[in-house]
Amino acid sequence: MKAKENSKPLKTAKKITEAPAPKQHSFFEDVWDVVRQIPKGRVTSYGAVASYLGTKMSARMVGWAMNAAHHSHPPVPAQRVVNRNGMLSGKHHFPTPDAMEKMLKKDGVKVENDTVKDFANLFWNPSEELGL
DNA sequence: GCATTGACGAAGG
DNA sequence: CCCTTCGCCAATG
């Protein structure tokens, strides 16, 4: 049901990055849910998550979801999500550029030159782990 | 309402 | 093998 919560000239007070999904089961929330299931010390890629959700071509949306994930709750370990290259492409979106790799190292993931070391080995594929 | 951008990825040249 | 282009979907200008 769609409850039109507004009919008044509300000046877009609703900003994204807070809760883009008024309802659950949104692509964003699905992404967060998968990312939250990433085991500590493991990492995955945007494409892998997208592929698990069935939209492998929409890997970019996963990145967008991560952006909103910063305000989601429970917190989403976005630092465990990197691009297919294993590079910390999103580190610039964290509070501080080194927050991402710092958290990864805390998870036991070695990061060097903004890239996850032994990425192929640490790669966590939701389609496999969660069941294809 | 159209044009541009974006934390990607695959394909083409 | 490196660079460019296209596709995806949504948000922003």
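Convention: sequence-line order gives letters A, B, ...; per-chain numbering from 1.
- Across C:dC8 and B:dG1, the matching P atoms stand 23 Å from one another, rounded to whole Å.
- A:S58 has no side-chain polar atom (N or O) that falls below the 4.0 Å cut-off from OP1 or OP2 of C:dG7.
- The residue among A:N83 and A:M61 whose nearest nucleotide of DNA chain B is located toward the 5' end is A:M61.
- Counting non-hydrogen atoms under 4.0 angstrom, A:A78 reaches a base of the nucleic acid.
- If you measure from atom NE2 of A:H93 to atom P of B:dC8, you get 7 Å, rounded to the nearest angstrom.
- Across C:dC8, C:dA10, B:dA7, the shortest atom-to-atom separation from the side chain of A:R60 is found for C:dC8.
- Backbone-only engagement by A:S45 is indicated by non-hydrogen atom pairs under 4.0 Å involving sugar-phosphate atoms exclusively.
- With C1' as the reference atom, B:dA7 and C:dC2 are 23 Å apart, rounded to whole Å.
- Here A:F27 lies out of heavy-atom contact (under 4.0 Å) with every strand.
- The CH2-C1' distance, from A:W64 to C:dA11, rounds to 6 Å in whole Å.
- Look at CE on A:M66: it is 13 Å from P on B:dA7, rounded to the nearest Å.
- In this structure, NZ of A:K56 is placed 12 Å from P of C:dC8, rounded to the nearest angstrom.
- Look at CG on A:D30: it is 16 Å from C1' on C:dA10, rounded to the nearest Å.
- A donor-acceptor pair is defined here as one N or O able to donate and one able to accept, closer than 3.5 Å; such a pair exists between the side chain of A:Y46 and the backbone of A:V81.
- Straight-line distance from the NE2 atom of A:H92 to the P atom of B:dG6: 12 Å, rounded to whole Å.
- Nucleotide B:dG9 holds its P atom 13 Å from the CG atom of A:N125, rounded to whole Å.
- At the heavy-atom level, A:R84 lies under 4.0 Å from the strands shown only through sugar-phosphate atoms.
- Atom OG1 in A:T44 sits 11.0 Å away from atom CG in A:N83 (nearest 0.5 Å).
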Using side chain to side chain contact (heavy atoms under 4.5 Å, CB included), reason through A:V62 and A:F27 one step at a time and then give a plain yes or no. CA-CA 8 Å; A:V62 177; A:F27 184 80; 4.2 Å; yes
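- The distance from atom CG of A:L53 to atom P of C:dC8 is 17 Å, rounded to the nearest whole Å.
- Counting only distance, with no hydrogens or angles, the side chain of A:R36 and the backbone of A:P74 share a donor-acceptor pair below 3.5 Å.
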Side chain to side chain contact (heavy atoms under 4.5 Å, CB included) between A:M61 and A:V31, worked out: CA-CA 9 Å; A:M61 299 294 85; A:V31 172; over 6 Å; no
